[in-house]
Amino acid sequence: MSLRFQAINNLSKDQATAKPVGAKITALFGDNVFTLKTARQFLSEEGYKSLVGSIKGGKKIDRAVAGQIASGIRAWAESKGVTHFTHWFQPLTGSAAEKHDSFFTIKSDGTPLEEFDGAALIQQEPDASSFPSGGLRATFEARGYTAWDPSSPAFIMEIGEGATLCIPTIFVSYTGESLDYKAPLLKALESLNKSAVEVAHYFDRNVSKITATLGWEQEYFVIDEGLANARPDLLLSGRTVFGAAPAKGQQLEDHYFGSIPERVYAFMRDFENESYKLGIPLRTRHNEVAPAQFECAPIFEEVNIAVDHNVLLMDVMTRVAKRHGLVVLLHEKPFAGINGSGKHNNWSLATDTGVNLLAPGKTPKNNLMFLTFFVNTIKAVHDYSDLLRAAIASAPNDHRLGANEAPPAIISVFAGEYLTRVLTEIENKVGDHFDEQEEAVLKLDLHRSIPELLLDNTDRNRTSPFAFTGNKFEFRAVGSSANCANAMITLNVIMAETLSLFKKEVDELIEKGEKKEVAILHTLRKYITESKAVLFEGDGYSEEWEKEAERRGLPNVKTTPLALDALVTEKAKHLFEHNGVYTHSELEARHEIELEKYIKKVQIEARIMGDLALNHILPSAIKYQNVLSDNIKGLKEAGLGEEDYASQLRILKELSGHIRAIDTKVHELIERRKIVNNMTNTRTKAIAYNSEVKEPFFDTIRYHVDKLEHLVDDQFWTLPKYRELLFLR
Ligand code: ADP
Ligand code: MG
């Protein structure tokens, strides 16, 4: 019996239930995190103060105190049964990396002992030669080191019966270039803080720190593990490269917000509880649009922590699913013909005085502050939309962007009807000359406070890749499997740059003798005029928008290899260097790494297609051909005439046609891959992987395979079908 039928047979057996936890969420929350509250308990006064100084004020922790902190963290971890620790980091592979060491050591006199010293807390040197470095670090100089990021708390990861202390770290090369997502993210956030505080001072001198906030919405599919195991494509690439559309897909829209299937519900509760212990503040869970698709979302947090929590969550979900005999698919487009998965990044800016800078205020003064940050965001997105596009570019996301259920590859901003009107008024009512009268007009407009209803009014357009949703922007084009850091580095750095430019321009006007408010409004007006092309309120999925966007001169880069070009323009190099995020060589290395990732992913999919076609699809089809030809032979021998086996003949012919097409195309694909593999320039190779391997072959081969799926006897078909993957659990 094929794996497919075994999996179907086993389906109802061994379905795990959620581990019972009677307690309230607050009783679990943060249990496995070295929070400041825990720190207070386990650290000396000096250690505690130093840690707080580092978290709140970015102060360096000196080595001597680090030793105390390390012992405190170990004492806490041991009280929870931890024996090993690891530096936990986010290399550019996308998922988290860890290498466990035990506290256990042996002294020179032979005495065994448990130890965790300051040096081990602060810095480690993992053998880093196998992580992507984009040529920054030759393999003979494999040394890279991980360095403690005190701003993200240490936590304990429980795997089965074991527990490991994880220290969040950055990962840099021996010569200091960053090799991960966290180091540049922290730099971008620092740069943003500086520029944003300066601009906020126009309105409020009490602001001394501005943090970017992130609330991600994680979409994912859940399918039965046995069925997934019978699909080599899912196993190796997270995506089905073949599969005919089932009679029922998502057309009835009966899954969205429907009741959560029990088996998935048990899984959700389990991974939520693990997440709570890790301090991940999950809040929302629901069914998504496609069958077998779901979503969860936390309460938003400071960006660095939110990114760590999302990376952790993806890991936790994947592991907990196994316990339930399920598989989580984080891929952007696991199934053709139904929705793919995204990870909306809700983003805003918060002051240390407790103000959300992207929430419209109640007073005119607050509204001007809101408008300042609102308009600056629009300008940032307008000026650097190519970089935002690059930040979300990946082989899997290419399958989703621009498909008719996902944001297009055109980056535009949805502001909502009300605010669009406000922007237009500012643009039209502020003249080119400054005078008293204008000031009065402006004051008038701003007095009309922006209604609180806004929250409900703005969220209707689901087709925009970058939408204002009342008190935050929502970057919707981010892929479900992505590390949010990529999008967050870019968004925060372009915001930092735009705000510092804004400050410069306003100051120049003030120096010329303009009143502060007038200077601000005139600069905002200029920005609105310069960036209004990026504003779009209509249906982002429509063809008209593509045409309209082209007229407006907005970029529409559909494939990753070309989208990544934006990373290495002079403009990008200046931007990232000016904000202290990437040097030119770091940026070039990222470009190279992303291209390589693209190549490898398409290459893997191409190989899978070949393997499946030759080892699964063709053998099944040929088996069925034999049945038919035996049948025809038998009928002939029995003396029946041609009209009696005409249908069998027709099916036989159809089978032969598809078999021939698949065989030919797969061999051409293999030959073409060999040619492309010999290309030496990474960019050329990545482009060729798209235009010479993926585009001419993937859809064609799939077309014939999916036709065969409809023709061949179901008993012979070895790969679980879409109806089984999506509806059986
Ligand atoms: P929807 O599906 O309607 O977009 P959700 O409730 O699923 O809304 O997700 C909204 C996300 O936005 C949540 O993670 C929420 O915490 C987050 N969010 C709300 N306010 C802010 C903010 N000021 N900054 C960042 N994220 C925010
Ligand atoms: Mg949302």
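In listed order, ligands and their atoms are each counted from 1. The residues of the chain are indexed from 1 along the displayed sequence.
- For Thr213, a nitrogen or oxygen atom sits less than 3.5 Å from a nitrogen or oxygen atom of ligand 1, counting backbone and side chain alike.
- When Ala306, Pro298, Ala297 are ranked by how near their heavy atoms come to atom 15 (C) of ligand 1, first place goes to Pro298.
- Considering both main-chain and side-chain atoms, Glu217 comes within under 3.5 Å of ligand 1 through a nitrogen or oxygen pair.
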**OP:** Applying side-chain contact (heavy atoms from CB on, under 4.5 Å), run through Lys182 and Val307 and close with a yes or a no.
**Re:** CA-CA 9 Å; Lys182 194 192 259 280; Val307 167; over 6 Å; no
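- Judged by the shortest distance from any of its heavy atoms, His344 lies outside the 4.0 Å radius around the atoms of ligand 1.
- Close approach to Glu295 involves these atoms of ligand 1, each under 4.0 Å from a residue heavy atom: 7 (O).
- At under 3.5 Å, not a single nitrogen or oxygen of Leu214, backbone or side chain, sits near a nitrogen or oxygen of ligand 1.
- With 3.5 Å as the limit, one finds a donor-acceptor pair spanning the side chains of Glu301 and His309.
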**OP:** Kindly determine whether Leu575 and Leu387 satisfy side-chain contact (heavy atoms from CB on, under 4.5 Å), including the steps that lead there.
**Re:** CA-CA 10 Å; Leu575 167 80; Leu387 278 175; 3.4 Å; yes
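- Few gaps surround CZ on Arg552; more than 12 heavy atoms of other groups in view lie less than 6.0 Å from it.
- Contact check on Arg285 versus Glu295 returns no salt bridge, with no Lys/Arg side-chain nitrogen under 4.0 Å from an Asp/Glu carboxylate oxygen.
- Residue-level proximity to ligand 1 for Ile299 is carried by the backbone, the only part with a heavy atom below 4.0 angstrom.
- At least one N or O atom of Phe300 sits closer than 3.5 Å to an N or O atom of ligand 1.
- The option from Val303, Asn471, Asn346 that lies nearest to atom 10 (C) of ligand 1, judged by heavy atoms, is Asn346.
- Aromatic ring centres of Phe468 and Phe374 lie closer together than 6.0 Å.
- Aromatic ring pairs are classed by plane angle as parallel below 30°, tilted from 30° to 60° and perpendicular above 60°; the pair Tyr220 and Phe271 is perpendicular.
- When Leu349, Asn345, Asn356 are ranked by how near their heavy atoms come to atom 23 (N) of ligand 1, first place goes to Asn356.
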